[in-house]
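Worksheet: one structure, shown below.
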Amino acid sequence: MELGNVNEKVSEILSAIADFLEMKGENVYRVMAFRKAARTIAGLPRRIESKEDVIVLPGIGKAIGDIVDEILRRGTSSLYEELIEEIPEGVREFLQIQGVGPKTAFSIYKSTGASSLEELYELISTGRLKGTGNLKEKTIEKIYSGIEKAMEKKKLLRLDQGYTIYTAVKDMLKNIPYVEDITLVGGLRRGKEINSDADILIASKEEERLKAIIDDMDSKIDIKIVPPEMFPYYTFLYTGNNIHTKRIEEMIRDKRIFNSEEEIYHTIDLQYVPPELREGIGEIELASEYNLPALISPSDIKGDLHIHSLWSDGTANIIDMASACIKRGYRYMAITDHSASLKVAGGLSPEDIREQHRELELIRDKLDGFTILKGIEADILPDGTLDMPEEILKSLDIVIASVHTKFRMEEKEMTERILKAISNPYVNILAHPTGRILLERDPYKVDIEKILKFAGERGIVMEINSSPERLDLNETLIREGKRLGVKFAINTDAHSTNHLENISYGVITARRGWLEAKDTVNTYSINDLFNIIRRR
DNA sequence: GCCGTTTTCGGCCCGACTGTTTTCAGTCG
């Protein structure tokens, strides 16, 4: 088994088992147990070595422990093998189609034998899905449009998926002596949240030899090999968008040999433009005045203000989350579990909150120089009220509000709903303000301009959600918000200690939005942060 | 499948929405 990927592999097999069991109509709690175990293991900060490492974890007992043990020993599980004997692995892809769940996926396979999105697409295109199983016209239509989206999605890469590929390629090539340098270029290096491929640039004098090695790589990897002396120039050329690179190229004329990317900009008397800014939207003018924003960097972050724990749907307890934050050099974190109405996420009732606070008091005393803020991620109900009584909100250090239900409201309604919620004097932060899930769910219809304006005027902090699946706000909205005087919080919305690492995606997105440290409240000291929050 | 400080069996995760179901099954968040 590949080093470092053990947890992911175990987690992947467990979640496949969950999917297959669900398709077969197994007891939902058994299914949930596998799914939860998969999530817990994926979120662990340490590589699991043995059964003993996992059976101590919440939600993992002897049965799943034995399965993990088997995967660790032989790389797979006999339960998993039995299941894919019955249902081909490709049938799981059907679950990615909007509106298709385990039951429909299984019945499509049973009645047609289709075992991949492409096969299913072919069946529908040629009208052969009609009359099979109990699928009627409207459902088939829905599947048809969903399947195109799902196939499209298969071709695209989120930021995290792109980095994973890059890391793997880098690892693979690191011991080849004639690979002199390697870098990410293209949209991924600029931090774009969705890309069609991972553009990678390699410096080598032995293009042909190298080509033979990288020839059969994934279609989503685009590798270019250039002579080492040209590496800085091509790094520049393949990184910026067209507008940016064309303008710079006109300025540098025919010169191609540089010692570094920095030198390219300095040669033409420009300030060095960081990759995230190379979008051709005014950065060159600012660079010519040496007046680019002093972009925020990961080391500016002093704390995370949106963190879940075992109290709701997180997979780690509060003390473990705190330790992980301290390890990152943070000075504070806010525990913001879900509130009561979000039943699926184990939302906390007012009584739960009081109990959680008793635990927090105990932990607080043990942590020197690190502050845990008592918080909540309160659900914004359809009418714009929060599902937490005022007396609880009053007792908290920080209140995050967010929408988790009724996504399909009309724009006017949704805008009013959110405005009402952030008018609540106890609300400090609006979390994931557009609700999008990249490649899965569109943002809800909302007049975001109006929200940003209101937030700017009233001192509501807008969240940049660092989860690579969300990354809302995007760079355009961040710039717009900044113009309207909005302050931001770059949060991870961590549900496990591993998720804290996602902060880098939030920071790169903030940089694309031209943010500086001072625009972001979680770069402030705890006292300054408290001052901002208390002003509400 | 997991869990338990009155339980080793019997609860866990629920409500809204949608489609073709005339009384509910499947999906989603």
Side-chain angles (χ1 to χ4, degrees), chain A residues 13-15 17-41 51 54-70 77 79-80 83 92 94-110 130-131 133-147 149-150 308 310 312-313 315 338-349 352 355 377 379-383 387 402-410 413-414 431-432 434-437 440-444 467 469-470 493 495:
Chain A
I13 293 176
L14 293 178
S15 86
I17 290 175
D19 285 348
F20 290 129
L21 290 176
E22 196 173 26
M23 286 187 214
K24 290 180 62 187
E26 253 290 346
N27 178 310
V28 288
Y29 298 106
R30 188 177 176 217
V31 172
M32 274 168 51
F34 276 99
R35 211 156 268 157
K36 187 179 174 205
R39 233 159 54 86
T40 302
I41 289 171
K51 178 180 168 183
V54 295
I55 51 173
V56 294
L57 298 168
I60 302 181
K62 188 179 176 305
I64 293 183
D66 283 338
I67 291 173
V68 171
D69 188 53
E70 190 190 353
S77 125
L79 174 59
Y80 172 74
L83 287 166
R92 278 180 81 208
F94 297 175
L95 301 175
Q96 285 160 29
I97 305 168
Q98 188 69 235
V100 174
K103 296 286 176 289
T104 315
F106 189 51
S107 99
I108 290 174
Y109 168 65
K110 275 284 162 196
K130 270 182 208 159
N134 40 17
L135 299 174
K136 300 287 186 296
E137 197 104 359
K138 202 153 182 182
T139 311
I140 294 179
E141 247 172 57
K142 210 173 143 189
I143 294 177
Y144 195 57
S145 62
I147 208 169
K149 264 194 184 166
H308 295 272
L310 275 176
S312 64
D313 60 348
T315 63
H338 290 288
S339 60
S341 71
L342 208 62
K343 305 275 186 199
V344 276
L348 272 56
S349 68
D352 294 332
E355 211 182 313
E377 180 178 12
D379 224 44
I380 301 176
L381 300 173
D383 67 356
D387 74 331
S402 55
V403 169
H404 291 104
T405 51
K406 275 260 192 187
F407 292 99
R408 271 171 284 191
M409 276 184 163
E410 287 308 315
E413 272 184 287
M414 185 60 100
H432 42 78
T434 77
R436 72 172 179 180
I437 303 287
E440 287 192 20
R441 188 174 72 208
D442 290 335
Y444 33 70
S467 164
E469 286 155 24
R470 290 187 179 270
D493 198 352
H495 286 71

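Below, read A as the first sequence line, B as the second, and so on, with proteins coming before strands; counting in each chain starts at 1.
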(request) Grab the CZ-C1' distance between A:Arg35 and B:dC2 for me, whole Å please. (result) 16 Å

(message) Using atom C1' in both nucleotides, what's the gap between B:dG15 and B:dG10 to the nearest angstrom?
(response) 23 Å

(message) Within 45 degrees of the ring normal and closer than 6.0 Å to the centroid, is that where the cationic atom of A:Arg408 sits relative to A:Tyr444?
(response) no

(request) At under 4.0 Å between heavy atoms, which parts of nucleotides 5-11 of chain B does protein reach? Answer with one letter per nucleotide, 5' to 3': B base, S sugar-phosphate only, - none. (result) -------

(request) Return the 5'-most residue of the pair A:Val28, A:Phe34 with respect to DNA chain B, ranking by each residue's nearest nucleotide. (result) A:Phe34

(message) Is any side-chain heavy atom of A:Lys51 closer than 4.5 Å to one of A:Val68?
(response) no

(request) Check side-chain contact (heavy atoms from CB on, under 4.5 Å) between A:Lys343 and all other residues, then give those that pass, not counting sequence neighbours. (result) none

(request) With C1' as the reference atom in both, quote the distance from B:dT6 to B:dG1 in angstrom, rounded to an integer. (result) 24 Å

(request) Indicate yes or no for a side-chain donor-acceptor contact from A:Asn27 to the backbone of A:Tyr29 under 3.5 Å, with no hydrogens or angles considered. (result) yes

(request) Return the value, rounded to whole Å, for the distance between atom OH of A:Tyr29 and atom C1' of B:dC12. (result) 5 Å

(request) For B:dT6, measure the glycosidic angle (O4'-C1'-N9-C4 for a purine, O4'-C1'-N1-C2 for a pyrimidine) and name it syn if it falls within 90° of 0, otherwise anti. (result) anti

(message) With rounding to the closest Å, how many angstrom separate the C1' atoms on B:dT8 and B:dC3?
(response) 10 Å

(request) In whole angstrom, give me the gap between the P atoms of B:dT23 and B:dC28. (result) 25 Å

(request) Measure from CD1 on A:Ile60 to P on B:dC12 and round the result to the nearest Å. (result) 22 Å

(request) Produce a footprint string for nucleotides 16-29 of chain B: one letter per nucleotide, 5' end first; B if the base is under 4.0 Å from any protein heavy atom, S if only the sugar-phosphate is, - if neither. (result) -S-SS-----SSSB

(request) Kindly assign one of parallel, tilted or perpendicular to the pair A:His308 and A:His495, based on the angle between their ring planes and the thresholds 30° and 60°. (result) parallel

(request) Please answer whether the main-chain N or O of A:Gln98 pairs with a side-chain N or O of A:Lys149 as donor and acceptor at a distance below 3.5 Å. (result) no

(message) Taking B:dC13 as the reference, what is the distance to B:dC2 when you measure between their C1' atoms (whole Å, please)?
(response) 15 Å

(message) On a heavy-atom basis, which atom in A:Ser15 and which in A:Arg92 lie closest, and how many Å separate them?
(response) OG-NH2, 3.6 Å

(message) Expressed as a whole number of angstroms, how long is the span from A:Glu22:CD to B:dG1:C1'?
(response) 14 Å

(message) Please report the distance, rounded to the nearest Å, between NE2 in A:His338 and C1' in B:dC13.
(response) 14 Å

(request) Between B:dC24 and B:dC12, how far apart are the C1' atoms? Round to whole Å, please. (result) 23 Å

(message) Suppose we define a pair by two distances each less than 3.5 Å, Watson-Crick or G-U wobble; what does B:dT8 pair with here?
(response) none

(request) Write down the distance between CG (A:Leu57) and P (B:dC2), rounded to a whole number of angstrom. (result) 12 Å

(request) Quick one: closest heavy-atom pair of A:Ser77 and A:Ile17, and the distance? (result) OG-CD1, 3.9 Å

(request) Answer yes or no: is there a donor N or O on one side and an acceptor on the other, between the side chain of A:Thr104 and the main chain of A:Val100, under 3.5 Å? (result) no

(message) Rounded to whole Å, please give me the gap between CD1 in A:Ile64 and C1' in B:dC2.
(response) 8 Å

(request) Compare every heavy atom of A:Gly65 with every heavy atom of A:Ile55, then report the nearest pair and how far apart it is. (result) CG2-CA, 3.8 Å

(request) Please state the P separation for the pair B:dC14 and B:dC9 - nearest whole angstrom. (result) 24 Å

